[in-house]
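Chain letters run A, B, ... following the sequence lines, proteins first and then strands; every chain starts at 1.
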There are 2 protein chains.
Amino acid sequence: MATILDVAKLSGLSKTTVSRVINNHPYVSDKKRELVLKAMKELGYTPNPSARRLRGQLTTTIGVIVPRIVNPFFASLVNSIELAAYKKGHQVLICQSYEDKEKELAFLNLLKTKQVDGVIMTSIENDWEVIESYNEYGCILLCNDYVNQTVVPMVRLDQAKGAYLGAKHLIDRGHQKIAYCTGGLFDEQGKGKDRNQGFQKALKEAGIKINPKWIFIDQHTIEDGKQVIKQILEMEDRPTAIFTGSDEIAGGIIIEAKEQGITIPNDFAIIGFDDQPIAEIVDPKLTTIRQPVDQMGNKSIEVMIKMLENPALDIKNYELPIELIVRQST
Amino acid sequence: MATILDVAKLSGLSKTTVSRVINNHPYVSDKKRELVLKAMKELGYTPNPSARRLRGQLTTTIGVIVPRIVNPFFASLVNSIELAAYKKGHQVLICQSYEDKEKELAFLNLLKTKQVDGVIMTSIENDWEVIESYNEYGCILLCNDYVNQTVVPMVRLDQAKGAYLGAKHLIDRGHQKIAYCTGGLFDEQGKGKDRNQGFQKALKEAGIKINPKWIFIDQHTIEDGKQVIKQILEMEDRPTAIFTGSDEIAGGIIIEAKEQGITIPNDFAIIGFDDQPIAEIVDPKLTTIRQPVDQMGNKSIEVMIKMLENPALDIKNYELPIELIVRQST
DNA sequence: TTGTAAGCGTTATCAA
DNA sequence: TTGATAACGCTTACAA
């Protein structure tokens, strides 16, 4: 590989001048700039990022932490992040946390060693204090997931509103007995609390009481969805509608329901979350709450790069719109 | 961040000795090793990968090129690669080529600058000669896609056999009029040629002639599948079975067929390729050819790491099993 | 406007 | 068995 010295020699100039050209510094005469550019081209020269990194420069690499890439929601989020990053000349290092604290920390360690300029976290596993302690080593940006403090920029959706819209839609369709499936808990605090609040708000407004037997926590996959509907079918007192935290659970419910001879939306109305491709694949097609994934990816990269260029940037909260998509399952 | 010098100072030894401990070199007394280890722990020391890279060491980063991460097949391939790499202490840098030659090359350039130790290519866009020219800068491994020369290790499936099994299955079910959808071309050469061959072999053995009107090339998405079935329905002379190059196309066909009041498998038998999650989501569930994605990912990392440790490694071709999964669509 | 030289954190070479 | 030192490729004071 050609080095900066090779370029310097070929152009008959010093390393410094070459470096100045590479970094667009002022005080280089047009003539010499030409010379350098020509030599660079001739040698097919690319600056060595490791050396730049070592010297304390930017790495042009951004890390992204997702729970799992096979989850289509996160796949499309990574997709939009990668595309946006590439346009800006950055690479994307991905890490699947698999919801594991240790994996998450191992990845955040890349900040310490300047392997990545910054990390976009799409989910948070460790306590925020722990994660925050890495913030001194590089930029952290929260995308999708978030915390209550405003210590790092966040790109997020109004999940409470999304859940509210979904629940309200079911109520407007005449449902009073509504089950709730979440990937998190059904707490005031903790994972998924915003959606819980939105859901509860809608029910409260309609004067509906929540039946704790119809709350299913820690549900994630298609398989989980199948189990949920099985459990519901065994109940004496059944709900008439099911609100779910993801299209995958909703999809599982629809698939298994059909297997059991249940008609949707007649026997049960189902609503998903995310608007993943599966929403249009299942039959009946899924009513769901759309998360503007592409916008989230673009915004995250935009903000991240701004942060990198100007570390003193104001820390802001970017909220993106969320909307209800009505299809056939409700 | 603590550096090797800090560790040296704290342990009262030299950088060299510390380095020896880090790299498990011989000739370090147990006592001093202890000392170093203790100091490392106390300082929370992590070696700086940029410095190691610059010094010509391994980067513990492996690049993976996929056409697009939102394609579930590639998402699960990346998933298994990432998991296997993590176990071995490696990071994974992903690049979506979006089937773009330039993007592919931009990424291969990371090899030149020692940003990644090696690249796993799951698809090939540029001419092989072009790609091969990067092989001198680092390890290249082909996974899923392949070329005819054996210049780099390849982890692949017997696609011809897969296609043969699928076509044979349709024939065994009594079909004589079989359409063919491929993501590539219907050539002797070029993308997807193996599957073409397998398909053709099965038909030939059964004495069936191929109707060129029933060949659909360059089909990829669910949307494409919908278009295919629409076209078929407009034909005078229709096929009775459709062989597709991916579960997504097959899924699209099933979805649209249902919309049009067609019954599957009665009116048409459909067979997919990949055994993606969608295969079990559509109704009727999809008969398909399973590609052992996890095995491919694991094997690729295993071989890649072997190559990195021993660049003189024999270049081999690793072929993994492929099988037919019969469900309801045939 | 240009160049010299020091230094980023490692590891390999050589000498002790 | 240990340590001093040079080198990897780059950027940035500082000097000219």
A:Asp314 and A:Pro153, any side-chain heavy atoms less than 4.5 Å apart: no

Helix axis bend for the helix from C:dT1-D:dA16 to C:dA16-D:dT1 - C1'-based end axes, five pairs, 10° rounding: 40°

Within 6.0 angstrom of A:Lys9 NZ, more than 12 heavy atoms from elsewhere: no

Touch class at under 4.0 angstrom, heavy-atom based, for B:Thr16 against every strand present: base

B:Glu34 side chain reached by B:Asp30 side chain, heavy atoms, under 4.5 Å: no

Between the protein and nucleotides 6-9 of chain D, list the N/O to N/O atom pairs that are separated by less than 3.5 angstrom.
unit_1	atom_1	unit_2	atom_2	d
D:dA7	N3	B:Arg55	NH1	3.4
D:dG9	N2	A:Ala51	O	3.4

Of residues 26-43 of chain B, the positions that come close to DNA chain D - non-hydrogen atoms, cut-off under 4.0 Å: B:Tyr27, B:Val28, B:Ser29, B:Lys32

Electrostatic pair A:Lys299:A:Glu302 at N-O distance under 4.0 angstrom: yes

Euclidean distance, atom CG of residue A:Asn23 to atom C1' of C:dT1 [Å, nearest integer]: 17 Å

For atom CG of A:Asn24 and atom P of D:dT12, their distance in whole Å: 13 Å

Sub-4.5 Å side-chain heavy-atom contact between B:Arg20 and B:Arg33: no

B:Thr17 vs B:Ser14, side chain to side chain donor-acceptor pair (under 3.5 Å): CA-CA, chis, key distance, verdict: CA-CA 5 Å; B:Thr17 306; B:Ser14 72; 3.2 Å; yes

Proximity to the side chain of B:Ser14 - top-ranked nucleotide from C:dT11, D:dT12, D:dA4: D:dA4

Presence of A:Thr17 side-chain N/O under 4.0 Å of C:dG3 phosphate oxygens OP1/OP2: yes

Passing candidate, side chain to side chain contact (heavy atoms under 4.5 Å, CB included) with A:Leu157, options A:Glu319, A:Gln295, A:Gln291: A:Gln291

A:Glu102 CD: over 12 foreign heavy atoms closer than 6.0 Å: no

A:Arg53 CZ - C:dG9 P separation (whole Å): 15 Å

pair A:Ile94-A:Val66: side-chain heavy atoms closer than 4.5 Å: no

